[in-house]
Amino acid sequence: MRFLQLVVFRLGDEEYALEITFAQEIIRIPERITKMPYLPSYIEGMIDLRGKAIPVIDLKERFGVEQSERGVDSRLLILNIENVGIGIIVDDVSEVIKVEEQSIERLNAELSGLGSSKVQGVVRIDERLILLLNGLNFRAEVLTSR
Amino acid sequence: MIALAGVEACKIMAEFMADLIPGGVLFGVVERDTFVWVKTSESFTLDIFQVGKRLKEDTTTVQAMRNKKVLTQNIPRTVYGMRVVIVSIPIIDEKGDVWGAFTIAFPKLHPVAAAFGDFAPILAEMFPEGAYIYMSDLTKIAYAQASGKFDMPSIAVGYELRETDIAYRTLQTKKPIIEEIDASKYGQPLTIANFPLYDDEHKNLVATLGIVTPKKTAVTLREMSINLESSLEGIAAAIEELSASATEIHTNEGELNTDIKGIINVSEEINEVSAFIKEIADETKMLGLNAAIEAARAGDAGRGFGVVAEEIRKLSAQSKSTVPRIKQLTDTIKQKVEEASRKSNISLDASQGQAAASEEISASIEEITSMSMELSNLAKTL
């Protein structure tokens with residue numbers, strides 16, 4: 001039986017997850033975010049993380065989730081997808097969970113296609129539905145302008 | 001002087017006049033030293049005025065005959081038992097010698113005594129609580145008049161004056177005496193006024209006039225005003241105590257309010273501490289999550305570390321879960337304390353009202369006290 005470890009985070013009322021292997025670390029949102037010219041508005045800017053410049057993406061804006069104030073629980077989740085660092089602003093990083101691979105419900109191809117293959121499947125824990133994002137597609141998605 | 005021939009005319013006139021003169025009169029004709037004719041009025045007699053009675057040497061009549069002139073004399077009480085005026089007119093025969101005398105005797109009465117029967121019954125009824133009016137001669141009560149409301153049966157006509165009696169003292173001092181007598185002597189408080197009375201020439205003290213009036217109302221009034229004063233003093237003291245305790249309540253409530261504010265501050269401080277706990281829990285959680293990520297990246301080598309990371313996360317979740325509970329508790333504290341503060345403010349207001357009211361009462365009582373003092377002074381003069 002194969003297990004997957006997932007990092008679960010919140011955007012508005014929804015919970016999302018990414019495979020833990022794509023995560024590098026969780027930090028507080030830095031006060032200083034360097035704005036970048038000529039970039040879509042969902043890219044907040046760049047930060048310096050221990051000598052590496054990392055773009056910061058407002059994922060809620062990118063996903064079209066209703067905007068809400070950043071609170072005390074808002075965090076910057078630093079991802080490392082194929083050695084490219086991306087920071088995404090999330091409302092809260094809830095937990096790290098371990099699930100059986102088979103328990104992940106795959107979305108059918110049509111639905112998956114509509115969402116540009118961002119969502120890979122759904123994890124069901126008790127009453128909660130956690131949307132599992134496709135890490136590999138994710139990088140391309142968030143960094144591709146529409 | 002009267003001629004012997006005119007004596008018969010005098011007798012006839014005397015017969016008519018005897019009962020016309022108020023107070024009475026005695027007429028007598030004396031030959032040498034013996035009464036030969038006597039006319040007495042119904043209201044007045046003397047033992048000596050009897051036909052056949054012989055007169056002594058020192059009598060007015062004998063003196064008049066001896067001196068051959070009209071003689072008028074006041075006879076003191078000691079001689080006939082009452083004061084008498086005697087007028088003796090010598091009777092002269094044809095030769096000019098003294099044959100005898102025509103003697104007239106009047107009872108000597110002080111004008112007040114004479115009028116006593118007229119004025120006393122009216123005057124006695126003129127006092128609101130009645131009065132007892134009396135006249136004494138030098139030794140005893142001679143006239144007395146009770147009123148419908150008040151009588152003194154123990155001091156009736158004929159009562160012999162004693163040293164302690166006011167009439168006796170008036171006779172001794174020859175001065176008017178007005179005295180209040182408490183209830184111990186006659187069973188009720190009295191005012192007795194007694195004035196000395198002198199005879200016509202104002203030379204000799206002959207009698208006293210006294211008026212006794214009951215003082216029940218005045219004394220009752222005085223006692224009541226004294227009682228009123230002492231109960232007012234009691235009330236004033238009680239009000240003062242009340243006022244003092246109202247002030248104490250006021251002070252206590254003020255202190256209570258300060259304490260309550262202190263409690264609110266403390267519960268806010270607790271909230272601050274609990275916010276700090278939340279911060280630490282958040283930090284710990286992030287640490288736990290990062291540790292988990294690090295452990296996952298380390299693969300199999302990081303498995304043990306992963307367990308630790310999991311425990312850290314659980315711990316942080318536990319500490320964080322205390323925060324809302326603390327908040328709930330401090331909120332409850334705040335709510336209860338605010339309620340207590342509100343109530344204490346109400347009692348503060350009430351105690352202020354109480355203090356004001358007791359001050360007002362004190363002022364009123366002071367006014368009533370001064371009025372009762374005036375009343376007491378007034379009652380003393382009644």
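So that the names make sense, note that chain A is the first sequence line, chain B the second, and so on, each numbered from 1. Values below: every heavy atom of this structure, side chains too, minus hydrogens, waters and symmetry copies.
Looking at A:Arg28, both its backbone and its side chain come within 4.5 Å of chain B, counting heavy atoms on both sides. Contacts between A:Gln5 and chain B at a heavy-atom distance below 4.5 Å involve the side chain alone, from C-beta outward. Looking at A:Val7, only its side chain comes within 4.5 Å of chain B, counting heavy atoms on both sides.
Exactly one of A:Ile20, A:Asn80, A:Ile78 qualifies for a side chain to side chain contact (heavy atoms under 4.5 Å, CB included) with B:Ile293. That residue is A:Ile20. A:Glu25 pairs in a side chain to side chain contact (heavy atoms under 4.5 Å, CB included) with only one of the listed residues (A:Leu77, A:Leu49, A:Leu76), which is A:Leu49.
Residues B:Asn345 and B:Leu348 have side chains in contact (heavy-atom distance under 4.5 Å, counting atoms from C-beta outward).
A donor-acceptor contact closer than 3.5 angstrom links the side chains of A:Ser41 and A:Glu61.
Of the listed residues (B:Lys285, B:Glu310, B:Glu294), the one with the most heavy-atom contacts under 4.5 Å to chain A is B:Lys285.
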